[in-house]
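In what follows, a single structure is set out as structure tokens and then discussed.
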Amino acid sequence: MRASKAERLADEELMPLIGEKNPDAFEVFYDRHGGVAFSLAYRILGERGAAEDVTQEAFISIWRSGARYDAARGSVRTWMLGIVRNRAIDALRSKSGKAPKLDFDDDSILESRSAPERTESEALERETAQEVRGALGELPGEQSKVITLAYFGGFSHSEIAGMLDVPLGTVKGRMRLGLEKIRRELAEGLT
Amino acid sequence: MSEDRHEPQRDELAAYLLDALEPGETAQLERHLAGCEACRTELEWMRPAVQVLPESVQQVEPSAHLRERLMEQVRSGVGEQRAGWNLRRPGGGLSLRPLAALAAVVLVLAAVVGYAIGGGSDESSVKGGMTTALAGNPPGVTAKMVSNGHSGVLYLKNIPHLPPEKLLQTWVERDDQIVSAGVLFIPAPNGTATATINDMRGVEAVMVTAEPFPDGSTHPTSHPIASVSIS
């Protein structure tokens with residue numbers, strides 16, 4: 001397949017080709033998502049070299065396991081970013097000497113969800129980066145802090161509670177309030 | 001947590017979506033979710049708020065070199081090999097498989113060896129070669145063998161950094177003879193790896209050594225980094 005043809009395919013159509021080890025399909029896939037993948041890894045790790053290593057390992061993982069993508073689990077982009085996030089957090093923990101929390105099959109921890117939700121999420125992913133930044137920026141600092149520490153820092157709620165010297169319930173409550181606020185703003189942005 | 005009708009455990013669900021629960025709590029919540037529609041509905045409603053978080057980060061361009069390196073790996077087939085998937089099978093009939101390929105499993109045994117590849121740090125194990133112990137004592141390599149019928153999966157953790165000219169190779173011992181299990185692999189960056197051995201019949205021990213990339217060896221050329229005795 002020529003790359004120009006692969007460029008016209010949706011991510012979900014590229015995945016079976018990647019599963020068949022089609023390098024053109026993989027190249028198109030990387031060109032579409034390599035930037036956001038690297039940006040996420042860089043946000044978590046804070047070093048270009050480490051972020052590139054994680055991004056490379058994540059994409060190689062996808063190259064070898066592309067056939068494992070299950071559309072019922074969500075969009076390809078969400079799946080891919082989940083892989084990058086897990087590997088980056090794992091690298092972060094290894095670097096800091098913390099025991100890795102993830103299990104062996106770290107690429108498959110994303111939960112399944114139904115097709116209608118997937119459609120909505122895809123729209124959210126592509127349209128709302130700025131809205132999310134805005135929503136995060138508008139969150140009370142105590143809520144954005146716990147969300148950031150958990151998602152981008154890989155810290156558990158008990159670790160965060162220790163860091164901030166607040167009860168566990170308070171940490172989880174702030175997480176919930178923050179996510180609910182983001183979720184509501186996203187829903188409003190779609191209407 | 002009751003599975004009767006109840007208010008969704010929103011705080012728990014938020015922490016779960018952010019991967020912030022402790023492992024035991026995660027397992028407990030997942031068991032609850034399996035039987036609670038109210039919580040599942042709440043979870044799915046809230047999930048997009050987490051899914052968009054990676055989209056919110058400031059976009060930074062990776063170097064062109066990353067793309068070149070990646071495509072070079074992919075086009076040369078090295079990417080597949082370095083990832084430990086569908087590898088060559090010098091022993092014949094053996095391969096690595098995804099972990100998910102296993103269904104029912106039976107735990108056999110675990111062993112720990114702290115031999116360092118490429119300048120590692122565990123002096124005692126370098127001398128001793130193999131030291132049987134329970135898994136879960138970092139920084140040494142931990143190994144766990146899980147059998148399923150005639151096959152088995154070897155799980156490794158805390159593997160030291162592997163030089164680029166090396167890969168890991170598995171060996172099995174039968175009737176006092178050590179032969180290649182035909183599985184070559186590169187550990188993940190976090191120091192973990194899994195390897196499937198298709199035929200475990202008569203195997204008394206499984207070992208892993210560092211061997212030359214990309215072809216491995218016909219016989220072990222280094223001390224094992226891990227060895228699992230099969231009971």
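Hydrogens, waters and symmetry mates play no part in the numbers below; they use all other heavy atoms, side chains included.
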Less than 4.5 Å apart, any side-chain heavy atom of [X] and any of [Y]?
X         : Y         : result
Lys172(A) : Gln9(B)   : no
Glu22(B)  : Ser158(A) : yes
Ile60(A)  : Val74(B)  : yes
Leu81(A)  : Glu55(B)  : yes
Ile182(A) : Leu53(B)  : yes
Phe59(A)  : Gln73(B)  : no
Phe26(A)  : Leu70(B)  : yes
Ser56(B)  : Tyr151(A) : no

Short N-O contact, Glu12(B) and Arg176(A), less than 4.0 angstrom: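 Salt bridge between Glu12(B) and Arg176(A), a charged N being under 4.0 Å from a carboxylate O: no.
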Under-4.0 Å salt bridge between Arg174(A) and Asp11(B):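 Here Arg174(A) does not pair with Asp11(B) in a salt bridge, since their nearest N and O are not under 4.0 Å apart.
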Winner by heavy-atom pair count (cut-off under 4.5 Å) against chain B, out of Lys181(A), Arg48(A), His157(A), Met175(A):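 Going by pairs under 4.5 Å, I would pick His157(A).
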[atom1]-[atom2] distance between [X] and [Y], expressed to the nearest 0.5 angstrom:
X         : Y         : atom1 : atom2 : value
Asn158(B) : Ser94(A)  : CG    : OG    : 8.5 Å
Leu149(A) : Leu18(B)  : CG    : CG    : 10.5 Å
Leu17(B)  : Arg183(A) : CG    : CZ    : 11.0 Å
Arg47(B)  : Leu179(A) : CZ    : CG    : 12.0 Å

Most chain A-contacting option - heavy-atom pairs closer than 4.5 Å, from Glu25(B), Arg69(B), Arg40(B):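 Among the listed options, the one with the most contacts to chain A is Arg69(B).
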When Arg67(B), Glu61(B), Met46(B), Met71(B) are compared by non-hydrogen pairs under 4.5 Å with chain A, the top option: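 Of Arg67(B), Glu61(B), Met46(B), Met71(B), Arg67(B) has the most heavy-atom pairs under 4.5 Å with chain A.
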Taking all atoms of both residues into account, what is the closest heavy-atom pair of [X] and [Y], and its distance?
X        : Y         : result
Gly35(A) : Pro62(B)  : CA-CD, 4.1 Å
Pro48(B) : Leu186(A) : O-CD1, 3.9 Å
Leu66(B) : Glu52(A)  : CD1-O, 3.6 Å

Distance-only donor-acceptor check, side chains Gln58(B) and Ser39(A), under 3.5 Å: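 No, Ser39(A) and Gln58(B) have no side-chain donor paired with an acceptor closer than 3.5 Å.
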Residues, nucleotides or ligands: over 12 heavy atoms within 6.0 Å of Glu37(B) CD: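 It does not: Glu37(B) CD has 12 such atoms or fewer within range.
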